[in-house]
Amino acid sequence: MAGPFAEVSIFSALEKTLHYAIPSELNAGARPGARVLVPLGRRSATGLILARADCPPPDMPPEVRLKPILAVLDDAPVLTPDLIALCRWLASYYFYPVGEVLQTALPSGATNAPQVFVRLTPAGEERAETQRDEIGELLHRRGPTALAELEAACGSPRGFRQKLRELENRGLVERCHEWRCGLPGPKTVKVVRLAGEPDPGPIEHNANLKSLVALLRGADAGIPLSVVRREVRNADYWLRKLAAAGTVRVEEREEERTFRLAQALPEAPPPRLTPDQQEVFDAVSPYLASGPFQPFMLFGVTGSGKTEVYMRLVEETLKRGRGALVLVPEIGLSTQLEALFRQRFGERLAVWHSGVPEGARHDQWRDILAGRRTVVLGARSAVFMPVRDPGLIVVDEEHDPSYKQDDHLRYHARDAALVRARLLGIPVVLGSATPSLQTIHQSRLERYRPLLLPRRILDRPLPTLEIVDMRRESSRARILSHRLRTALAETLQAGDQALLFLNRRGFATCFLCGVCGAVLQCSSCSVSLTYHQREKILRCHYCGKEEAVPERCPACGHAGLFPLGFGTERVEEEVRRELPDARIVRIDRDTVSRPEDLVESLDAVRSGRANVLIGTQMVGKGHDFPDITLVGVINADTALQFPDFRAGETTVQLLMQVAGRAGRGEQPGRVILQTYNQFHYTLEAVLALDYERFCDIELQSREQLRYPPFARFLKFLVTSRSEAQTREAARRLAALCRETAERFDASGRPAAVLGPSPAPLLKLKDRYRWHVFVKAWTSRDLQDFTETVLSGARSDPALRRVQLAVDRDPMMSM
DNA sequence: AGCACGCCGACT
DNA sequence: GTCGGCGTGCTC
């Protein structure tokens, strides 16, 4: 069979890619990266061309004829070659079907399946005239009808499929597909414009008409109809009259969807770089024009001016005619950073995160694709943005756990950024005040080049840190220690601001029965319900389910229920009681549901309308509050309790991050850490503000225990609705892993298997969950091992009854 | 993922 | 006798 052919990945869970013939009329458009409509069995599907080939795949018997591509859906490719390569890499590394990786990489809607329509053939039309059957009748009356619609309209849905197929086989009906692009088109607005000189007579007689004409005279480019309607009474009537006379025209105009979350900053000249910043800039900038691939670790204390360095590097990249990609944790967006980038890059900037409305996101994606926007600032999934000729990738707060997606494709955006940079042969800057141990390790091995910003801008002093041993506090000071309460009062007295941090929202962490000791649990998850006092409701923080507080304990029937433990809502109440004059703003998922709320609350703090900020992680990152001089960490131990070998690392990173919020302005800052583990090595490191010392200790212990980065982890997650089936499948999987590991050990490539074990969160959204852990010394071994296990798992009946997810380089908790 | 095929229990 | 349950396997 003669070429050309295309290797196509269907947008679905298909493990393999499929090959199609390219009809000559589609030859020019059928380029790698373009979406296509293809036949698949007896239906059709959408997919994307990964590659072109001159001969059919070698493993294919020569007698089979490849089906032809039905249509090319894009004028120009929607994925660049580096992104196609990245998606293939991710599919293989994370053991995930390529077609579903593509769905992650493309904006929602771009991977919609084609809609199937059914219609009568000419023979069918003819027969419908004489013989009446329900389907024929319906189609005769309605014309081509969407399959689902036809089934719904059918009075007897029983046997519908079969009846339809019979008609199809007899050549009376046929299927056709219409591919509706699924992407919102450009937004259009109706615009009103003067097209001639209106008759002056009536204008003098009618005030409405007069104001209408005056309004239109003021704007040659035209005025949106909505504005005209708002400004002029009876506008529609007069517009119709003027339009009939030909003196105004109403036309449709395409408009970019706008959204503004961050405040607009006035234009300002960029500040002069400090010598430290200049040194970093000089180290990276030779790579911007033509690479080669080089990772940099930018290790800069909070307040050392990393953002300015990023912007300068991006600017330099643009000067070389190339684009740039800047990744930031989701939570830090829609705020200051965005405002700064917008101020610097204006219309060249695209912003990509969950707070951007879908329509605006599509407009920006189109703009990026067309090369109209050359700088992308975005969260995790922005790593897939099809920037034209990228010359630089920046990953800010590189250590942040939110870069790891924890469902579907469980990828790490920082690692994906590294791979993409390698594929492109460009530099990648990993920035953090507390780099991940993996990155520290790589820089010590000289695979990443370390760049340091050891000083705060203007040599502002680092904050002072103090520890309060909560075990020695009186029982009425369980939330706010004596020391923190006093410091808080002093701070407010002095007219400064304070931040109180607690990584737990709600009022009480659980409701306990004082008679039988039962804790109220979510019916769908194995966690206790959190009490929210303002709404007087119990809520599950994992599935969102809500319940009213019962009068009596559901277990023993006694009326002895009381709240236990505390969250941010309770802290707020406590502060209110202790300091009635405090102007409090609380920022957590309960008080901030939309991005606008966050902007609003942050603004209240920045403008000084509030002087106490209470919050969860949301406040920890990326926000600059110049007047905060006191930071209180209500419970510095929470992160330590997670069942994760990284718990120490996460704790230090989080606490140093929060501590960095203090004293970024003129005033020096003070940080008070309340803890029950005052001599824990993580807290000692935080107290001394000595991150590197912590890394030394932690890396040494990881090496001894053979934990990452000295080994590689992988987690199998088995889930199903049946507890017994899940347990059994996990047992089978662990056995399969052990058999495989034995074979590997025999060839001198050890892999260790741990488990099966019930997940710390045994039940989540009504699904039971079990884990099996695998540890291997090299990435290569882990790859081979997992492929072997997965192919074995496919033929195990117990495992086919459950869902099996693979999480490579997992965040181990829950 | 769909959508076939195929092989066993409750209905006209 | 058939309708339809969902296990199993394939889609270029």
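Numbers restart at 1 for each chain; the letters A, B, ... are given by sequence-line order, proteins then strands. Given the structure is predicted, the values throughout are model-derived calculations rather than measurements.
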Between [N] ([atom2]) and [X] ([atom1]): distance, integer Å:
X	N	atom1	atom2	result
A:Leu48	C:dC12	CG	C1'	16 Å
A:His19	C:dC12	NE2	P	12 Å
A:Arg65	C:dC12	CZ	C1'	13 Å
A:Arg801	C:dC6	CZ	P	14 Å
A:Asn112	B:dG2	CG	C1'	16 Å

Which residues pass the salt bridge (charged side-chain N to carboxylate O under 4.0 Å, His left out) test with [X], sequence neighbours left out?
X	value
A:Arg422	none
A:Arg420	A:Asp82
A:Glu546	A:Arg539

Listing request: all ring pair (Phe, Tyr, Trp, His ring centres under 6.0 Å) pairs with a residue in residues 778-814 of chain A, at least two apart in sequence or in separate chains.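 Of all non-adjacent pairs touching residues 778-814 of chain A, those that pass ring pair (Phe, Tyr, Trp, His ring centres under 6.0 Å) are A:Phe744-A:Phe785.
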Using the 3.5 Å cut-off, write out each protein N or O paired with an N or O of nucleotides 9-11 of chain C and the distance between them.
from: C:dT11; atom 1: O3'; to: A:Gly41; atom 2: N; distance (Å): 3.2

Side chain of A:Gln803, backbone of A:Thr719: donor and acceptor closer than 3.5 Å?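 It does not hold such a pair.
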Residues two or more places apart in sequence or in another chain: which of them pass ring pair (Phe, Tyr, Trp, His ring centres under 6.0 Å) with A:His19? none
